[in-house]
Amino acid sequence: NAGVTQTPKFRVLKTGQSMTLLCAQDMNHEYMYWYRQDPGMGLRLIHYSVGEGTTAKGEVPDGYNVSRLKKQNFLLGLESAAPSQTSVYFCASRGGLGQFFGPGTRLTVL
Amino acid sequence: ILNVEQSPQSLHVQEGDSTNFTCSFPSSNFYALHWYRWETAKSPEALFVMTLNGDEKKKGRISATLNTKEGYSYLYIKGSQPEDSATYLCASDNAGNNRKLIWGLGTSLAVNP
């Protein structure tokens, strides 16, 4: 099992560009989450999904959209990137009690 | 407002020292308390999940206790080693929160050789 994977690992964008981050899990988990991690801020929940075809807003959803068309994939989109979205993005899935994290995507917006 | 507090924010110890950190969490509608270990440039890894008042979990030199009535958990590291250097996160899982975890900001531990 690969667990939770994320692509890409690194990306540099210019302000206004768009991109999609892909999260995939092979553990048949229902719940999936997107977090961002910034110095001194801890993990902040952007969006999450409780199952295929469902999404919901977390603490900091503005500027992001998500889709969960397939159970194993959870996509995070930035329609018009801003420097404030420079961060490390972590995806996680939940089976049973615990959350399992992907390796992260480091995004820089210039 | 549901909040998870961790203390201390950071800690520097010498190799061989034993240490402990605190996590306080909302006791209402409590479901589970999670501890994660997060090394720099990696992703958080689960250490323990605890659900019952009085639970104690142990993994090697690391152990954790849980008090759900007063809403706190302690993480202990016995005989710290440099490889224990990491940020230790706790997260509270409370019923009615749609399976979202409430995360603390972590305790950053540095173990000097």
Side-chain angles (χ1 to χ4, degrees), chain A residues 2-10 21 23-25 27 29-52 54-61 66 68 74 87-107, chain B residues 1-10 21 23-26 29-52 55 57 59 64 66 68 73 86-109:
Chain A
V4 181
T5 58
Q6 292 182 231
T7 52
K9 287 188 169 52
F10 304 94
L21 284 68
C23 175
Q25 53 97 1
M27 296 175 282
H29 288 166
E30 292 291 340
Y31 294 83
M32 296 186 74
Y33 310 83
W34 274 108
Y35 295 95
R36 59 178 289 173
Q37 187 249 331
D38 304 289
M41 303 291 285
L43 285 169
R44 291 187 292 169
L45 183 65
I46 305 171
H47 286 280
Y48 65 103
S49 168
V50 302
E52 181 179 311
T54 73
T55 63
K57 294 180 180 180
E59 298 172 65
V60 289
V66 286
R68 183 101 183 266
F74 194 28
S87 188
V88 180
Y89 292 86
F90 287 98
C91 174
S93 70
R94 177 169 183 157
L97 290 175
Q99 287 191 12
F100 297 85
F101 284 82
T105 295
R106 184 173 294 276
L107 175 67
Chain B
I1 295 176
L2 299 177
N3 213 21
V4 170
E5 304 281 348
Q6 291 189 247
S7 62
Q9 186 176 352
S10 65
F21 334 127
C23 171
S24 64
F25 57 88
N29 299 317
F30 174 81
Y31 185 72
L33 192 282
H34 302 247
W35 281 101
Y36 284 80
R37 182 171 179 274
W38 195 359
E39 290 182 69
T40 303
K42 294 188 177 180
S43 52
E45 289 185 0
L47 278 174
F48 304 116
V49 181
M50 295 183 286
T51 57
L52 299 176
D55 253 356
K57 299 265 182 165
K59 187 181 287 188
L66 180 67
T68 61
S73 175
T87 295
Y88 292 83
L89 295 174
C90 76
S92 180
D93 189 354
N94 295 70
N97 203 26
N98 214 4
R99 312 309 299 275
K100 295 177 290 180
L101 296 181
I102 308 165
W103 294 88
L105 293 181
T107 292
S108 175
L109 174 67

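For B:L105, the side-chain contact (heavy atoms from CB on, under 4.5 Å) test picks out no residue, with sequence neighbours left out.
Using a 4.5 Å cut-off between heavy atoms, B:T87 makes no contact with chain A at all. For A:Q99, the parts lying under 4.5 angstrom from a heavy atom of chain B are both the backbone and the side chain. The part of B:L89 that comes within reach of chain A is its side chain, from C-beta onward, which places non-hydrogen atoms under 4.5 angstrom from that chain.
For A:R106, the CZ atom counts as loosely surrounded, since its 6.0 Å shell holds 12 or fewer non-hydrogen atoms of other residues, nucleotides or ligands. A:E52 CD: more than 12 foreign heavy atoms inside a 6.0 Å radius.
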Open item on the list: Could you go through A:L43 and B:W38, starting from their C-alpha distance and side-chain angles, then the distance that decides it, and tell me whether this counts as side chain to side chain contact (heavy atoms under 4.5 Å, CB included)?
Closed with: CA-CA 11 Å; A:L43 285 169; B:W38 195 359; 3.8 Å; yes

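Comparing B:H34, B:K42, B:K100, B:Q9 by heavy-atom pairs within less than 4.5 Å of chain A, the highest count is held by B:K100. The candidate with the highest count of non-hydrogen atom pairs below 4.5 Å against chain B, out of A:Y35, A:F90, A:Y31, A:Y48, is A:Y48.
Applying the salt bridge (charged side-chain N to carboxylate O under 4.0 Å, His left out) definition to pairs two or more places apart or across chains, those involving residues 90-99 of chain A are A:R94-B:D93.
Checked against a 6.0 Å centroid threshold, the rings of A:F101 and B:W103 count as neighbours.
Without hydrogens or angle criteria, B:S43 side chain to A:G102 main chain gives a donor-acceptor distance under 3.5 Å.
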